[in-house]
Structure formats: structure tokens, C-alpha cells
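Chain letters run A, B, ... following the sequence lines, proteins first, then strands; residues in each count from 1. Not measured: the values here are computed from a predicted model.
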Number of protein chains: 2
Amino acid sequence: MTQATPTPAQPAGLDFPLVRRTGYLLNKAGSILMEDAERVLMAQGMRLRYFYVLAALDGDLSLSQQDLSRLLHLDPTTMVALIDEMEQAGHVERRRNPSDRRRYILSLTGDGREALERAGSAVDAVEQDFLSAVPEKDRERLRALLGDLLADRWPRVIACE
Amino acid sequence: MTQATPTPAQPAGLDFPLVRRTGYLLNKAGSILMEDAERVLMAQGMRLRYFYVLAALDGDLSLSQQDLSRLLHLDPTTMVALIDEMEQAGHVERRRNPSDRRRYILSLTGDGREALERAGSAVDAVEQDFLSAVPEKDRERLRALLGDLLADRWPRVIACE
DNA sequence: TATTGTTATACTCTATAACTATA
DNA sequence: TATAGTTATAGAGTATAACAATA
């Protein structure tokens with residue numbers, strides 16, 4: 001049952017009306033959670049975008065670097081450096097696409113899949129912790145509301161930060 | 001009544017499981033909204049942090065630059081440049097604090113208050129538009145849930161991005 | 001002629017360190 | 001000795017432009 005404090009308690013003496021906006025709270029909740037997630041990923045030597053690319057490469061689609069950079073809205077040059085890093089870490093393999101030799105087919109290695117799982121668990125834990133302030137039923141509710149809000153915001157929903 | 005799509009529709013052929021996490025959706029909802037807000041503020045020659053400082057200075061407290069930089073979690077050197085800009089725009093006035101001549105007392109000018117109001121309206125409109133996908137009652141619900149989630153996250157709730 | 005991946009380069013932003021004036 | 005504000009500078013991160021290979 002949600003009630004009581006409609007907004008976070010503010011320190012005595014300070015009134016910051018911004019904090020009463022739903023949009024402000026939404027933004028803050030999202031960015032605090034993301035910061036926490038990035039911090040836990042950092043501990044695994046991984047930034048959030050690294051995690052996103054792992055996740056994107058986990059599907060069945062064969063994606064090129066340009067596909068990825070368009071999908072995640074990251075600059076192609078940034079993507080080069082990122083894939084370099086992932087390849088060096090042994091998480092991703094580049095092989096030429098035989099039907100268009102300009103492109104790579106990128107794929108996860110076993111280590112990459114392992115890293116994805118490990119990172120996923122860590123992020124899950126952060127998320128669970130963050131959401132623990134609210135009972136299970138309300139979490140479902142929250143997820144549904146967010147789904148509604150984002151329903152027609154594709155493809156921005158996938159963009160990287 | 002919220003139901004139907006629990007997650008945004010994904011383009012055919014792509015499955016991005018990340019999108020089913022409540023935390024991911026929360027993050028995205030927040031950052032999409034913030035991007036939209038920043039875009040509308042840009043049109044007024046203002047970044048989000050500019051707006052935050054205006055809002056912070058609107059209260060009764062007399063805040064120094066260091067107070068502001070601690071409150072909004074912005075580097076003191078960044079704050080100097082920001083207040084310079086605001087002073088030049090005629091939105092903020094610096095005068096020495098007579099009881100500690102190292103500090104300034106910063107205050108909004110009439111123009112500054114006007115700019116705050118104008119910016120506030122613009123951000124409100126963005127927020128209303130974003131939330132319009134969800135009926136009024138659910139918006140209240142959302143706000144309450146977010147308030148609960150953030151209740152014990154002070155003072156991060158006020159930090160600038 | 002256009003596109004993928006790449007490199008080199010320029011630019012923007014932020015943080016670091018050092019200075020001044022006050023306390 | 002410590003703090004507020006300031007400046008100059010270095011560093012990280014990102015975008016821009018030009019190039020080679022392929023289509």
C-alpha cells in the first residue's frame with residue numbers, strides 16, 4: 001500500500017519545489033538507478049554501453065558495427081573503440097560477412113555470454129535493491145505504467161543514454 | 001485503467017530482452033523525458049542545470065556558489081562559469097555577504113524570476129505531454145510510487161544529472 | 001557514387017591545481 | 001590554517017573529416 005510521503009523528505013530549511021514534479025522524480029529515479037548500475041558494472045570493468053552491446057549481440061540477429069551504432073545511437077567511431085575493447089577482452093569476435101565484405105558479423109564468444117550473464121545478475125541485484133522500497137504488487141504496477149508511457153517512444157527506448 | 005502492452009512494442013525481428021526490466025524502463029522513461037526537457041530549454045538558451053539553479057535561488061534561503069555546487073553536485077569551477085553566464089544574462093545578481101566577505105549572496109533578478117517561470121511552463125508542457133499516455137489517476141499513482149522509491153535517497157535526489 | 005570500418009584530429013566538457021582575498 | 005571564489009590547465013570523452021576497401 002503506497003501512501004504517506006508523496007515526495008522524498010527534504011532537509012529542514014530547504015524547499016526545492018522541483019522535487020514535487022512527477023517528471024523530475026521520474027528522471028531522478030531513472031538516473032540514480034542507472035548510476036548505481038554503472039557503478040556495479042564498473043567493478044566488473046564494464047560500462048553500461050558495454051553491457052548494452054553484449055545484450056544486443058545475444059540475440060539471433062547478425063549485427064554489424066553500423067547496425068549496432070544505429071540501434072544504440074552511439075557514434076560509429078565510438079563503436080569501433082568499444083568493439084576493439086570487447087574483442088581484446090575476448091567477449092566478441094569479428095569475422096567478415098562473406099556476402100558483403102565491408103561489414104563484420106559480430107558475435108559473442110562463450111566468455112562474452114558469461115560476462116553478459118554475470119553483468120546481468122549484478123544489474124538485477126541493483127534493480128531489486130532499488131525497487132525494494134515498494135511492495136511486489138506495486139512494482140508490477142510501476143512496470144506496467146512505464147510500459148504504457150514508453151509504448152510509442154520506439155526506437156528511443158533502446159538508445160544508449 | 002492500465003493493461004495491454006506491458007512493454008513497448010519492439011520492431012519486428014529484434015528482441016532486446018533488456019527492455020523487459022522495470023529498471024531499464026525506469027531509466028529510459030527518465031532520460032527520454034529529460035532529453036525532451038533539455039531540448040525545450042535549449043530553445044530558450046538554457047540548459048537543465050541553468051534551470052535548476054534558477055529554481056534553487058527562487059527560495060528564501062540565501063545560497064552561496066559553494067552552497068549551490070554542493071546542493072546540485074556541480075563542480076565549483078563549473079558553478080563559477082554558470083553563474084557568470086546567468087549574471088551576464090541579467091538573471092542573477094552577485095553581492096558580497098557582509099558577514100563573510102569571501103562569499104556572495106546570489107539572488108534572482110526580476111528577469112531571472114521571469115525566465116524561471118517561462119522555463120517552468122515549458123518543462124511542464126513537456127512533462128504533461130510525456131505523461132499524457134497514462135490517465136490522470138495513474139499519474140498520481142506513479143508520482144506516489146516514485147516518491148516512495150526516492151524517499152530515502154536524499155540528497156542524491158537533488159543532484160544535477 | 002555510396003557505404004563500412006578505420007584513423008587522425010579538433011572540440012567540448014569537466015576536473016585539478018594553484019592563486020587571492022578573506023576568515 | 002582553512003574556505004570562497006577564481007583562473008589556467010590538463011584530461012576524458014565525443015564528434016568531424018578524411019581515407020581504404022568494397023559494393
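The stretch residues 81-97 of chain B has no heavy atom under 4.0 angstrom from DNA chain C at all. Taking a 4.0 Å limit (strictly below) on heavy-atom distances, residues 33-51 of chain A does not reach DNA chain C anywhere.
Between B:Glu114 and B:Arg118 the shortest side-chain heavy-atom distance falls below 4.5 Å. Contact check for A:Asp36 versus B:Arg156: side-chain heavy atoms found under the 4.5 Å cut-off. Between A:Ile105 and A:Arg96, every side-chain heavy-atom pair lies at or beyond the 4.5 Å cut-off. Within the 4.5 Å cutoff, side-chain heavy atoms of A:Asp84 are placed close to those of A:Arg94. Contact check for B:Lys28 versus A:Leu146: no side-chain heavy atoms found under the 4.5 Å cut-off.
Residue B:Asp75 is classed as a base contact, given a heavy-atom separation below 4.0 Å to a base. Within 4.0 Å (heavy atoms only), B:Thr77 reaches at least one base atom of the nucleic acid.
The side-chain hydrogen bond (donor to acceptor under 3.5 Å, both in side chains) contacts involving residues 125-135 of chain B comprise B:Gln128-B:Arg139, where partners must be two or more places apart or lie in separate chains.
Running 5' to 3' along DNA chain D, contacts with non-hydrogen atoms of chain B at under 4.0 Å begin and end at D:dA2 to D:dT7.
Residue side chain A:Arg103 does not reach the base of C:dT4 through any donor-acceptor N/O pair under 3.5 Å, judged by distance alone.
Qualifying ring pair (Phe, Tyr, Trp, His ring centres under 6.0 Å) partners for B:Tyr52, counting only residues two or more places apart in sequence or in other chains: A:Tyr24. With sequence neighbours left out, A:Arg102 forms a salt bridge (Lys or Arg N to Asp or Glu O under 4.0 Å) with A:Asp100.
Neither side chain, A:Asp124 nor A:Ser121, offers a donor N or O lying under 3.5 Å from an acceptor on the other.
B:Asp138 has no carboxylate O lying under 4.0 Å from a charged side-chain N of B:Arg141, or vice versa, which leaves the two without a salt bridge.
Within the structure, a side-chain polar atom (N or O) of A:Tyr104 is placed less than 4.0 Å from OP1 or OP2 of C:dT6.
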